[in-house]
Amino acid sequence: MKAKLLDGRAVADSIRIGLGPAVAAVRAARGTPPLLAIVTAASNSDRSSQSYQQAKVKACAQAGLMARCHSAGPEAREIIELLGRLGADPSVDGIMVEQPLPAALDPVRIFSAVAPAKDVEGVNPSNYGRFFLAKNAAEIAACGAFPPCTVAAIIVLLGESGIAACGREAVVVGRSEIVGRPAAHYLCALDATVTLCHSRTADLPGHVRRADIVVACAGRAGLVRGEWIKPGAVVIDAGMNRVGGAWAGDVEFAAAAERAAWITPVPGGVGPVTTAVVLANTVQAAQRVISKGNLEKA
Ligand code: NAP
């Protein structure tokens with residue numbers, strides 16, 4: 001393998017360790033650590049959802065945060081009411097909703113019920129809009145909304161490669177509202193020249209072959225062939241596909257790693273960093289409440 005590994009587990013560990021002083025400061029200021037509420041819709045309460053939840057609870061504990069798991073009933077009304085209660089609860093700093101949502105639930109309606117200030121995944125349409133209105137990295141940082149968390153993780157991993165996006169050709173494979181589109185927007189804000197590919201794209205190989213940065217988020221195991229990768233490219237694979245009982249990405253890893261300069265593994269790439277970003281956002285949300293309270297007192 002020629003490529004260097006963008007090791008998401010190591011990056012996530014260093015994000016968690018870096019949160020230590022801020023977590024301690026929150027605890028010192030109000031007596032309790034930052035708290036993340038993890039919400040699962042009832043029909044998603046299967047074993048895999050429970051294991052995702054447990055992984056997040058464990059990550060919170062490792063970083064010194066508290067986590068509370070909530071399960072809502074099957075009706076939209078029930079999850080919306082639960083999100084409303086969590087939004088009004090001053091002990092809750094961050095709220096995340098396990099995805100994908102059951103097909104019967106309208107994501108716009110559900111995500112609109114996540115309190116914007118506690119929206120640590122960047123799913124509330126008002127936050128999503130603020131993020132999309134930001135034209136560059138400085139405006140994204142100042143827009144008051146957390147960017148969609150998987151996309152923030154992709155950008156963290158790109159930063160780890162040391163390869164700046166400015167002026168590079170970036171190809172994003174997948175145009176979902178939670179990963180592909182916001183990833184394309186963020187890369188554009190970083191001054192990359194971005195091509196957004198999808199299932200109707202003619203000549204996907206031709207686009208990928210031009211890319212200095214490839215972000216794969218189609219949810220199709222092995223869709224991006226190793227031989228398409230431009231030598232020296234950075235390859236970030238957000239795909240999580242179950243193949244024969246194991247996880248596989250969207251990129252043909254072994255062949256791509258022979259050509260790329262940097263590549264993420266699956267598992268152990270984007271996934272752990274996404275969780276670490278949610279934790280970091282929860283800590284920041286708690287700090288914002290404390291600073292606001294201090295300002296009001298002054
Ligand atoms: P999604 O909503 O199903 O969107 C998939 C996108 O891929 C669509 O835009 C689709 O195009 C495109 N696509 C499908 N087949 C294609 C093909 N043959 N060629 C080119 N494009 C194709 O999926 P998602 O929610 O974005 O998730 C994508 C993947 O990321 C999944 O494996 C998911 O598990 C993973 N994921 C990982 C994380 C993480 O934290 N690691 C977080 C979220 C998602 P159309 O628009 O034309 O249908």
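Side chains included, hydrogens not; waters and symmetry mates left out as well; all remaining heavy atoms used. As the structure lists them, so they are numbered: ligands from 1, and atoms in each ligand from 1.
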Does even one non-hydrogen atom of [X] get within less than 4.0 Å of ligand 1?
X: C197; answer: no
X: G180; answer: no
X: T201; answer: no

Which of the ligand 1 atoms, numbered from 1, are nearer than 4.0 Å to a heavy atom of [X]:
X: V270; result: 41 (N)
X: N241; result: 32 (O)
X: I178; result: 25 (O), 43 (C)
X: A238; result: 30 (O), 35 (C), 36 (N), 37 (C), 41 (N)
X: T274; result: 40 (O)
X: G271; result: 41 (N)

Original post:
Does the protein put a heavy atom under 4.0 Å from atom 3 (O) of ligand 1?
Top reply: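 No; the ligand atom in question lacks any protein heavy-atom contact below 4.0 Å.
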
**OP:** Check whether any protein heavy atom sits under 4.0 Å from atom 45 (P) of ligand 1.
**Re:**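 Neighbour list for atom 45 (P) of ligand 1 includes protein heavy atoms (cut-off 4.0 Å).
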
Hey, is the main chain of [Y] close enough, under 3.5 Å, to the side chain of [X] for a donor-acceptor pair?
X: D191; Y: C166; value: no
X: R259; Y: P231; value: no
X: D237; Y: D250; value: yes
X: N127; Y: G122; value: no

Do [X] and ligand 1 have an N or O pair less than 3.5 Å apart?
X: S199; result: yes
X: M240; result: yes
X: R175; result: yes

**OP:** Examine F146 and V97 and state if one hydrophobic cluster contains both, with Ile, Leu, Val, Met, Phe, Trp and Tyr joined whenever side-chain heavy atoms are less than 4.5 Å apart.
**Re:**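 Result: no, two separate clusters.
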
**OP:** Spell out, yes or no, whether L223 and I178 are grouped together once hydrophobic residues are joined by side-chain heavy atoms under 4.5 Å, including indirect joins.
**Re:**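 No, L223 does not connect to I178 through the hydrophobic network.
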
Which residue supplies the protein heavy atom nearest to [atom], what is that atom called, and how far is it?
atom: atom 21 (N) of ligand 1; answer: H198 C, 3.1 Å
atom: atom 39 (C) of ligand 1; answer: T150 CG2, 3.9 Å
atom: atom 28 (C) of ligand 1; answer: C217 O, 3.5 Å

**OP:** Assess R181 against F131: is NZ or CZ under 6.0 Å from the centre of the six-membered ring, and within 45 degrees of the ring's axis?
**Re:**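 Checked: cation-pi criterion not met.
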
Can you check which of [options] brings a heavy atom nearest to [atom]?
atom: atom 15 (N) of ligand 1; options: Q99, R220, R242; result: R220
atom: atom 5 (C) of ligand 1; options: A218, G174, S176; result: A218
atom: atom 29 (C) of ligand 1; options: P272, G219, A183; result: G219
atom: atom 18 (N) of ligand 1; options: L223, V173, D250; result: L223

**OP:** Step by step, work out the salt bridge (Lys or Arg N to Asp or Glu O under 4.0 Å) result for K118 and D89.
**Re:** CA-CA 11 Å; K118 302 183 181 185; D89 180 346; 5.9 Å; no

Subject >> Stepwise side-chain contact (heavy atoms from CB on, under 4.5 Å) test for F111 and L101 >> reply: CA-CA 10 Å; F111 294 148; L101 286 172; 3.8 Å; yes

Original post:
Once you round to the nearest 0.5 Å, how far does CG of D93 lie from CG of L36?
Top reply: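 Separation between the atoms: 9.0 Å.
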
Original post:
So, T40 and Q53: side-chain donor and acceptor under 3.5 Å apart, yes or no?
Top reply: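 Per modelled atom types, T40 and Q53 side chains form a pair under 3.5 Å.
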
**OP:** Given side-chain contact (heavy atoms from CB on, under 4.5 Å), test D212 with K230 step by step and report yes or no.
**Re:** CA-CA 7 Å; D212 304 304; K230 181 175 171 179; 2.8 Å; yes

Subject >> Steps toward side-chain contact (heavy atoms from CB on, under 4.5 Å) verdict (I290, Q287) >> reply: CA-CA 5 Å; I290 291 166; Q287 287 176 309; 5.7 Å; no

